[in-house]
Amino acid sequence: DIEIRRACVDVIATSALRRADDAAAFGDAVVALTGVAPRIISGDEEAAYSFACAAWGADARGRIGVLDVGGGSTELAVGTRDAIERTISLEIGAVRLSEKFPALLGERALDRDTRRALVTRAHAACDAVLAPLSEFVPFAELLAVGGTVFTAAAMLSGDPYLDGVRIDRAQRRTIVDDLLARD
């Protein structure tokens, strides 16, 4: 005898649908394909979910921050493993940044001076948007989650399945420079 159980499926939508003009039509298409309507969560909910998952799997002690750099938004949640103190969602992510600076997409390899100038301009564009993050420090440890940091960690470690990779500022700069030097 095989017992067939109905699976519990939830479809979560984040920044892309929060800002999409055609979110309702997209939702209708998802329902037609899957039978489940996407639930568009707020940026604060997204931050809380990221925090809950990262904190659950972390060996961190004390106050921690969980950063999720996505395509359309960036979330930060701060608290202890047992409780979230604060969350914030900012309207900036890897895709939005590359929309503003198409050269980040790697259509052509950039020479060293062009890379430096592009990174300087991108940082300047991000400074004002990311400024509210400074209100969330200090915390003992910052855990980063999501596709952007996962890809960077895989590049550094050489292992796409490794968890817990530590990335320092110098490594981050090296990855950005290396990617901008490629087409």
Side-chain angles (χ1 to χ4, degrees), residues 12-23 26 40-51 53-54 58 64-78 86-160 162-183:
I12 303 292
T14 59
S15 176
L17 282 190
R18 285 196 295 264
R19 69 184 268 220
D21 292 335
D22 63 346
F26 181 83
I40 302 172
I41 62 173
S42 71
D44 286 323
E45 287 177 284
E46 187 176 356
Y49 285 133
S50 294
F51 185 92
C53 292
I64 60 174
V66 174
L67 181 70
D68 181 356
V69 179
S73 63
T74 295
E75 285 73 37
L76 177 66
V78 175
R86 256 177 106 179
T87 63
I88 188 170
S89 180
L90 303 170
E91 294 299 307
I92 190 162
V95 173
R96 288 195 191 191
L97 192 58
S98 62
E99 288 170 345
K100 190 169 191 156
F101 298 97
L104 290 171
L105 293 173
E107 181 178 306
R108 65 180 179 84
L110 304 175
D111 64 65
R112 191 173 131 213
D113 290 340
T114 304
R115 291 193 307 267
R116 285 185 178 169
L118 177 61
V119 168
T120 298
R121 287 195 335 267
H123 279 217
C126 293
D127 284 348
V129 178
L130 296 175
L133 296 179
S134 66
E135 299 171 17
F136 284 70
V137 293
F139 37 81
E141 190 169 357
L142 177 66
L143 306 173
V145 300
T148 303
V149 74
F150 180 83
T151 300
M155 290 174 65
L156 279 174
S157 69
D159 183 349
L162 188 63
D163 192 18
V165 174
R166 293 189 176 272
I167 302 173
D168 63 31
R169 289 177 194 260
Q171 290 170 312
R172 188 197 71 223
R173 286 185 198 109
T174 298
I175 287 173
V176 169
D177 193 58
D178 181 51
L179 289 172
L180 291 175
R182 299 179 188 193
D183 61 14

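Throughout, residue positions are numbered sequentially from 1 according to the sequence presented.
Rounding to the nearest 0.5 angstrom, the gap separating the CG atom in D68 from the OG1 atom in T87 is 12.5 Å. Here the straight-line distance linking atom CG of L104 with atom CG of L118 works out to 4.5 Å at 0.5 Å rounding. Separation of atoms CG (D168) and CZ (R173) is listed at 8.5 Å; rounding is to 0.5 Å. For the atom pair T74 OG1 and R96 CZ, the distance stands at 9.0 Å (nearest 0.5 Å).
In terms of heavy atoms, I175 sits closest to M155 at CG2-CE, 4.2 Å. In terms of heavy atoms, L110 sits closest to A103 at CD1-O, 4.1 Å. Shortest non-hydrogen contact noted between L97 and C126 is CD1-SG, 3.7 Å. The heavy-atom pair separating R166 from Q171 by the smallest distance is O-OE1, 3.4 Å. Across every non-hydrogen atom of R172 and I167, the tightest pair is N-CG2, 4.0 Å. D111 approaches D113 most closely through the heavy-atom pair OD1-N, 3.1 Å.
Looking only at side-chain heavy atoms (C-beta outward), Y49 and I41 come within less than 4.5 Å of each other.
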Take L90 and L130 through the test side-chain contact (heavy atoms from CB on, under 4.5 Å) and record every step on the way to the result. CA-CA 7 Å; L90 303 170; L130 296 175; 3.9 Å; yes

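Around CG of D21, the count of heavy atoms belonging to other residues, nucleotides or ligands within 6.0 Å does not exceed 12.
When the side-chain hydrogen bond (donor to acceptor under 3.5 Å, both in side chains) test is applied to S73, the partners found at least two apart in sequence or on another chain are R18, E75.
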Taking distance alone, no hydrogens or angles, what donor-acceptor pairs closer than 3.5 Å link side-chain atoms of residues 132-147 to residues at least two apart or in another chain?
unit_1: S134; atom_1: OG; unit_2: A131; atom_2: O; d: 2.8
unit_1: E135; atom_1: OE1; unit_2: R86; atom_2: NH2; d: 3.3

Show me, pair by pair, the donor-acceptor contacts under 3.5 angstrom made by side chains of residues 176-183, not counting sequence neighbours?
unit_1: D177; atom_1: OD1; unit_2: R115; atom_2: NE; d: 2.6
unit_1: D177; atom_1: OD2; unit_2: R115; atom_2: NH2; d: 3.3
unit_1: D178; atom_1: OD2; unit_2: R182; atom_2: NE; d: 3.4
unit_1: D178; atom_1: OD2; unit_2: R182; atom_2: NH2; d: 2.7

